[in-house]
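Below is one structure; the comments refer to it alone.
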Amino acid sequence: VLLARQTFAALHARVSSVIAIDLSGSMKEPFPGSTVVKYDAVKQLGSVFASLVSPQSRSGLITFQSDNSDRMQVRTITKLNTNWKLRGNGVSHLDYSIDEVLKAKPNGGTPLYNAIAEAYQMATDGYDEKMIINQVIVLTDGDNRDAKGSISANELIAKSKKLQDPERPIRLSIMGY
């Protein structure tokens, strides 16, 4: 019974999450030693996330890759908003985000540092003190590479330090595979 209560509480916690998803070309490849394609796993993760997330939680979605000329493409797909808020077409914010993930096409390089900087900026701008957790989650399989004009690790650290506020903490989780 205690485990069930803890699980229910965790599933209904008010969380604000900016999710940044790697759409580089290597995401079309299977995991080493497996037939499971990396981006297929991300899509499955999105479906699981949608089935577990609290309606009161908020999410925002960023994707990142480079085009065929190695130009960065860090795109805000959805800004932070309540997951079950309906859009003009009657689709919830969360369902729209999941649909965008399902139809995305991986290609190109990995402007990872720029994506982290943009996601952290979105989380900072949209910080909500009513949320138990404000966070950035990055799903990637690679290094920062093959994207013209991408910032360096030191530039990312400097930008992040400027945005940090101990009174408004934002968690950063990078899930690499």
Side-chain angles (χ1 to χ4, degrees), residues 2-24 27 41-42 45-46 48-66 72-85 87 92-98 100-101 104 109-145 147-177:
L2 178 60
L3 179 59
R5 284 185 187 150
Q6 290 172 334
T7 302
F8 182 81
L11 293 178
H12 291 283
R14 294 176 57 89
V15 177
S16 182
S17 303
V18 177
I19 302 166
I21 298 177
D22 182 348
L23 291 180
S24 65
M27 294 294 286
V42 168
L45 182 62
V48 170
F49 176 79
S51 69
L52 297 175
V53 71
S54 166
Q56 292 82 28
S57 290
R58 298 178 335 139
S59 63
L61 177 63
I62 290 174
T63 61
F64 59 99
Q65 65 192 118
S66 64
M72 288 184 302
Q73 296 183 343
V74 179
R75 294 190 178 109
T76 298
I77 305 302
T78 57
K79 294 184 178 186
L80 273 170
N81 208 334
T82 304
N83 287 324
W84 299 114
K85 183 173 182 172
R87 299 172 62 87
S92 76
H93 176 75
L94 181 62
D95 287 341
Y96 176 81
S97 298
I98 297 298
E100 290 298 305
V101 168
T110 313
L112 177 61
Y113 299 154
N114 291 72
I116 292 171
E118 190 165 320
Y120 199 86
Q121 182 71 58
M122 182 189 292
T124 301
D125 292 346
Y127 188 88
D128 187 343
E129 63 278 347
K130 293 179 286 198
M131 296 291 149
I132 295 170
I133 298 168
N134 285 265
Q135 65 184 349
V136 171
I137 300 170
V138 182
L139 303 173
T140 184
D141 75 335
D143 296 326
N144 188 69
R145 64 172 182 249
K148 291 178 184 172
S150 182
I151 62 174
S152 69
N154 288 336
E155 289 170 310
L156 172 61
I157 291 167
K159 283 182 177 217
S160 300
K161 284 183 178 181
K162 286 180 185 176
L163 293 172
Q164 285 180 337
D165 180 349
E167 299 299 316
R168 297 165 46 109
I170 296 171
R171 292 183 185 175
L172 173 61
S173 301
I174 301 174
M175 297 179 193
Y177 37 85

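If you're wondering where the values come from, they're calculated on a predicted model, not measured in any experiment.
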Just so I know, are the side chains of [X] and [Y] near enough to count as touching, which here means a heavy-atom distance under 4.5 Å?
{"X": "L61", "Y": "I21", "result": "yes"}
{"X": "F64", "Y": "T140", "result": "yes"}
{"X": "D141", "Y": "S24", "result": "yes"}
{"X": "M122", "Y": "I62", "result": "yes"}
{"X": "V18", "Y": "L80", "result": "yes"}
{"X": "H93", "Y": "S59", "result": "yes"}

Considering all heavy atoms of both residues, which atom of [X] and which atom of [Y] are nearest to each other, and what is their separation?
{"X": "M131", "Y": "Q56", "result": "CE-O, 3.6 Å"}
{"X": "A123", "Y": "V136", "result": "CB-CG2, 3.7 Å"}
{"X": "E118", "Y": "R75", "result": "OE2-C, 4.4 Å"}
{"X": "S66", "Y": "P111", "result": "N-CD, 4.1 Å"}
{"X": "S17", "Y": "Q135", "result": "OG-NE2, 2.7 Å"}

Once rounded to the nearest 0.5 Å, what's the spacing between atom [atom1] of [X] and atom [atom2] of [Y]?
{"X": "S92", "Y": "K85", "atom1": "OG", "atom2": "NZ", "answer": "12.5 Å"}
{"X": "I77", "Y": "I19", "atom1": "CD1", "atom2": "CD1", "answer": "12.5 Å"}
{"X": "K130", "Y": "S16", "atom1": "NZ", "atom2": "OG", "answer": "11.0 Å"}
{"X": "Y113", "Y": "I151", "atom1": "OH", "atom2": "CD1", "answer": "9.0 Å"}

field: Test applied, side-chain contact (heavy atoms from CB on, under 4.5 Å); reference residue, V74; option that passes from T63, N114, L112
entry: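 It is N114, the one option of T63, N114, L112 that forms the side-chain contact (heavy atoms from CB on, under 4.5 Å) with V74.
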
field: Sole candidate of D128, N83, N81 that passes side-chain contact (heavy atoms from CB on, under 4.5 Å) when paired with R58
entry: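 Of the listed residues D128, N83, N81, the side-chain contact (heavy atoms from CB on, under 4.5 Å) partner of R58 is D128.
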
query: When you check the side-chain N and O atoms of S152 and N154, is any donor under 3.5 Å from an acceptor?
result: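 No, N154 and S152 have no side-chain donor paired with an acceptor closer than 3.5 Å.
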
- prompt: So, Q121 versus D125: side-chain donor-acceptor pair below 3.5 Å or not?
  reply: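 Distance-only check passes for Q121 and D125.
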
message: side chain to side chain donor-acceptor pair (under 3.5 Å) for N144 and S150? Distances and angles first, verdict last.
response: CA-CA 8 Å; N144 188 69; S150 182; 3.0 Å; yes

Indicate every side-chain donor-acceptor pair of residues 159-176 with a distance under 3.5 Å to a residue at least two apart or in another chain.
{"from": "S160", "atom 1": "OG", "to": "L156", "atom 2": "O", "distance (Å)": "2.9"}
{"from": "D165", "atom 1": "OD1", "to": "E167", "atom 2": "N", "distance (Å)": "2.9"}
{"from": "R168", "atom 1": "NH2", "to": "T124", "atom 2": "O", "distance (Å)": "3.0"}

